[in-house]
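We name chains A, B, ... by the order of the sequence lines, and we start the count at 1 in each one.
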2 protein chains.
Amino acid sequence: MTEQQQQTVARTYKYVAVAAAIRHTIETSLSPFDAVPSERDLMALYGVSRMTVRQAIATLVDEGLVYNVHGSGTYVGAPDLVSKPPKLTSFTEDMAGRGLKASSQILALSLERADSAVALSLGLSPGSECTHIRRLRLADDKPMAIEDVYVPRTILDIEQFRLGESLYQQLGAAGYDVLRAEQTIQAITLDPEAGSLLGVAPNASALSVTRVSSSRHGQRIEFARTIYRADRYTFQLTVTRDAEK
Amino acid sequence: MTEQQQQTVARTYKYVAVAAAIRHTIETSLSPFDAVPSERDLMALYGVSRMTVRQAIATLVDEGLVYNVHGSGTYVGAPDLVSKPPKLTSFTEDMAGRGLKASSQILALSLERADSAVALSLGLSPGSECTHIRRLRLADDKPMAIEDVYVPRTILDIEQFRLGESLYQQLGAAGYDVLRAEQTIQAITLDPEAGSLLGVAPNASALSVTRVSSSRHGQRIEFARTIYRADRYTFQLTVTRDAEK
DNA sequence: AAGTGGTCTAGACCACCGC
DNA sequence: CGGTGGTCTAGACCACTTC
């Protein structure tokens, strides 16, 4: 943590201060669906121009704390109405969010030539070498998923990989920050070997999540496939119909 | 389609026009990572104030078409880096997005007392009456999914329901605009009856998507469960790790 | 008709990037 | 240092909701 400890004094912008003041007002004295003071009132209240008020409100709208109704007013939103875009989380983070303790068991760690699916997904020429990590993922010490991760050798060589440390953290340290991923979710039928690893009936149903992760600039870093026990894992997300914004 | 045919002339706002002009410029003569003309140039070019230019650019940033770099410029984004929040779509829209033609076959239409799962999800007292619609959903005339929809009778009575017309459109016309939904995705094993309806083996795996839809103000409108053939349907989404914005 | 948020102007200065 | 986007002002009129 011995970072450069920026001394920037955090120059406070007016709209940030106004937003904080409004947030405080809401938290201390307003309830969901209550009206926030009008923009013109807020101008007078905080001694700023209307645009500054609007920018402050815009950040709150972004957070989902309030919403605008044209011609009527700005209102406090219901907390559970907030629709955040889904986040890319590690298995450990995902389990923690479900109140479970994550652990792992390495099943295999090897350098392999990418098969066509992996090569295609990662944009590699077929036969390129990849570090392959196969892990049994446990939640509260019971099998939850089988995970196969493929990373190009040029990004993370097998000898560099340190077991027990977060993969994303290691990739970030190597200059490959994972920022986004495309995920494909499908239902599959387990093969008997996977079934026995997961402790379920052979030929049981399971949820397969395939992920291709990329850096900020679109460079593909990781191909991962995780097969979850259908009886222990569901995937949840919020979708919106309009630009609720 | 004999709606009220609003005559609003679609009053075109300047920032919308400017955004369209910039979009056109990008599509016809710029490539990813190219710089867009500066805001001051755009002011002069389109004869509008800076704020209007900025609002136009803001909409394009929202779309992921361009991104700003403070102190440097505004640049065209890479198309595949765009991360849109997942949208709530009707089956017809969903299939159209996959290049398939959607059709339906009504399996049942009845008024029922909500079972505990439906009542809980919709916030109804157990035993409340619900309109239940069970449909076989086809894509390119082949079975794709079985869908059960439950709507409180107080929102849509069974006699009001018009077959063949979009449910969401009917709900909207009744003053219940569906704006967002919580979805739960899981893998299940089909029962033989469902398997035969879908034209797959009994006990095949399938993807189950459960949806609770709400209005702008959080009123729960619809409980739906759709069971998709695992071999014809996958669920895709983009997730981000940081506030990529 | 009064009040709200939405759009728009014509300026100004600040913070940051690259040369 | 010049040019860029980011913040901010003090007005104005438009579009919508509410009474």
Can you sort out the partners of [X] under side chain to side chain donor-acceptor pair (under 3.5 Å), two or more places apart, ordered by chain and number?
| X | value |
| --- | --- |
| B/Glu147 | B/Arg135, B/Arg137 |
| A/Tyr168 | A/Arg211, A/Glu222 |
| A/Glu129 | A/Arg153 |
| A/Thr226 | none |

**OP:** Applying salt bridge (charged side-chain N to carboxylate O under 4.0 Å, His left out), name anything that partners A/Arg54, two or more places apart in sequence or on another chain.
**Re:**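 Once residues adjacent in sequence are excluded, the partners of A/Arg54 under the salt bridge (charged side-chain N to carboxylate O under 4.0 Å, His left out) criterion are A/Glu39.
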Subject >> By salt bridge (charged side-chain N to carboxylate O under 4.0 Å, His left out) - contacts of B/Glu165 (at least two apart) >> reply: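 Partners of B/Glu165 under the salt bridge (charged side-chain N to carboxylate O under 4.0 Å, His left out) test: B/Arg162.
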Can you tell me how far [atom2] of [N] sits from [atom1] of [X], to the nearest Å?
| X | N | atom1 | atom2 | value |
| --- | --- | --- | --- | --- |
| B/Tyr67 | D/dG6 | OH | C1' | 18 Å |
| B/Arg40 | D/dG5 | CZ | C1' | 7 Å |
| A/Asn68 | D/dT17 | CG | P | 13 Å |
| A/Ile57 | C/dT4 | CD1 | P | 12 Å |
| A/Tyr46 | D/dT7 | OH | C1' | 19 Å |
| A/Glu39 | D/dG11 | CD | C1' | 15 Å |
| A/Ile22 | C/dG5 | CD1 | P | 11 Å |

**OP:** Look at B/Arg54 and D/dG5 and indicate whether a side-chain polar atom (N or O) is within less than 4.0 Å of OP1 or OP2.
**Re:**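 So the side-chain polar atoms of B/Arg54 never come under 4.0 Å of the phosphate oxygens OP1 or OP2 of D/dG5.
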Review item, nucleotides 8-10 of chain C N/O atoms under 3.5 Å of protein N/O:
residue	atom	partner	partner atom	Å
C/dC8	OP1	B/Lys14	N	2.4
C/dC8	OP2	B/Tyr15	N	3.1
C/dT9	OP1	B/Lys14	NZ	2.9
C/dT9	OP2	B/Ser49	N	2.8
C/dT9	OP2	B/Ser49	OG	2.9
C/dT9	OP2	B/Thr52	OG1	2.4

Original post:
What is the distance from atom CD of B/Gln186 to atom CD1 of A/Ile185, rounded to the nearest 0.5 Å?
Top reply: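 Going from CD on B/Gln186 over to CD1 on A/Ile185, the span is 12.0 Å.
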**OP:** Using only heavy-atom distances, determine whether the side chains of B/Tyr46 and B/Asp41 contain a donor-acceptor pair under 3.5 Å.
**Re:**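 There is no such pair (donor and acceptor under 3.5 Å, judged by atom type) between the side chains of B/Tyr46 and B/Asp41.
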Would you mind writing out the side-chain donor-acceptor pairs for residues 71-78 of chain B within the sub-3.5 Å range, not counting sequence neighbours?
residue	atom	partner	partner atom	Å
B/Ser72	OG	B/Tyr75	OH	2.5
B/Thr74	OG1	B/Asn68	OD1	2.9

Pairs under 3.5 angstrom, nitrogen or oxygen only, protein versus nucleotides 17-19 of chain C, please.
residue	atom	partner	partner atom	Å
C/dC17	O4'	B/Gly71	O	3.4

